[in-house]
2 protein chains.
Amino acid sequence: MAMQRCCPETTVYDRDLGAEAAVFKALADPARAAIVATLARAEHEVCVCDFTAGLELNQSTISHHLKLLKGAGLVTSERRGTWGYYSLAPSARARLEAALACVIPEKLRA
Amino acid sequence: MAMQRCCPETTVYDRDLGAEAAVFKALADPARAAIVATLARAEHEVCVCDFTAGLELNQSTISHHLKLLKGAGLVTSERRGTWGYYSLAPSARARLEAALACVIPEKLRA
DNA sequence: CGACTGCATCGACAAATGTCAATCCAATCA
DNA sequence: TGATTGGATTGACATTTGTCGATGCAGTCG
């Protein structure tokens, strides 16, 4: 007797999700999530010194995380004089929502 | 002259975001994102063999990713006979939405 | 029973990641 | 000008991660 198929076969989602995965990766660290959460709640841009004061991490480590977030396009930075300021990128939430919608679309069974 | 403060100071978000970061980390890999995207679109559970056939990865690698996703609580698995089946966890989308809402709450300026 | 098959687990390994100390750079202050 | 300061960059290092090959195991077929 031939072995029955395991199940009605499913085609694996084949579009490349590298970009979506990259967006999630940007938030896949507690420190970076905290930075973004801070920016999202702030009424104005946030000085780097606030992060170095508030997070229990070395200054260079924080600088590194900020750089990653900026690379992911989730935050923007501006330099005024000696100080550096970071803000949530206007599109940040939309980008996250889009990535989520791509991986787990809202629609329930059609 | 005393150096003026850099800006109105901001308090860093202090709740631990380790759990939220972990959820994002689960999707922070293209292969895992593709697996979840497949499950989210499937009308029924998906056999492991569909993943090994559709993804260009070693069988053991796929098994590893499935394990991570299960550990993150995003998928559920069932074993029937020789075959293994995976489904999207019912709470998967809600968990992601909650994590997103925690990091970047919906509200705009109050 | 014995051969086979689907999937999980283990061991190994290269690559990526998070962290810190040290250094560098530009702007400010005295 | 020279000293100081905020923050970025570099180098080093331990840990984690993604991947594969080999092996193990339970269920199936003959």
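Throughout, protein chains are lettered first and strands after them, A, B, ... in sequence-line order, and every chain is numbered starting at 1.
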Grab the [atom1]-[atom2] distance between [X] and [N] for me, whole Å please.
| X | N | atom1 | atom2 | value |
| --- | --- | --- | --- | --- |
| A:Asn58 | D:dG6 | CG | P | 15 Å |
| A:Ile62 | D:dT10 | CD1 | P | 19 Å |
| B:Gln59 | D:dG24 | CD | C1' | 12 Å |
| A:Phe51 | C:dT19 | CZ | C1' | 18 Å |
| B:Asp29 | C:dA15 | CG | P | 17 Å |
| A:Glu56 | C:dC20 | CD | P | 10 Å |
| A:Trp83 | D:dA8 | CH2 | P | 14 Å |

Does [X] have any side chain to side chain contact (heavy atoms under 4.5 Å, CB included) partners at least two apart in sequence or in another chain, and if so, which?
| X | value |
| --- | --- |
| A:Lys67 | none |
| A:Val23 | A:Arg95, A:Leu96 |
| B:Glu56 | none |
| A:Arg79 | none |

Next on the checklist: With a 3.5 Å distance limit and no angle check, can you tell me whether A:Thr38 reaches the backbone of A:Ala34 through a side-chain donor-acceptor pair?
Outcome noted: yes
Item to check | Side-chain donor or acceptor of B:Arg32 paired with backbone N/O of B:His65 under 3.5 Å | outcome: no
Item to check | Any N/O donor-acceptor pair, A:Thr82 side-chain to D:dG7 base, under 3.5 Å | outcome: no
Checklist entry - Which other residues end up in the same hydrophobic cluster as A:Tyr13, if Ile, Leu, Val, Met, Phe, Trp and Tyr are linked when side-chain heavy atoms come under 4.5 Å apart? => result A:Leu17
Checklist entry - Where along residues 15-27 of chain A does a heavy atom come under 4.0 Å from DNA chain C, residue by residue in number order? => result A:Lys25
Item to check | Of residues 64-81 of chain A, the positions that come close to DNA chain D - non-hydrogen atoms, cut-off under 4.0 Å | outcome: A:Lys67, A:Arg79
Checklist outcome for this item: Among the nucleotides D:dC20, C:dG18, D:dT10, whichever has the atom closest to the side chain of B:Ser60 is D:dC20
Checklist outcome for this item: Checking D:dC20, D:dG7, C:dC20 against the side chain of B:Leu57 (C-beta onward), the nearest is D:dC20
Checklist entry - Are OP1 or OP2 of D:dA8 and a side-chain N or O of A:Tyr86 less than 4.0 angstrom apart? => result yes
Next on the checklist: Below the 4.0 Å mark, does D:dT19 have OP1 or OP2 next to a side-chain nitrogen or oxygen of B:Thr61?
Outcome noted: no
Next on the checklist: Does anything in residues 12-24 of chain B form a salt bridge (Lys or Arg N to Asp or Glu O under 4.0 Å)? List the pairs, not counting sequence neighbours.
Outcome noted: B:Arg15-B:Glu20
Item to check | Pair listing, salt bridge (Lys or Arg N to Asp or Glu O under 4.0 Å) test, anchored in residues 80-93 of chain A, at least two apart | outcome: A:Glu45-A:Arg80, A:Glu78-A:Arg80, A:Arg93-A:Glu97, A:Arg93-B:Glu106
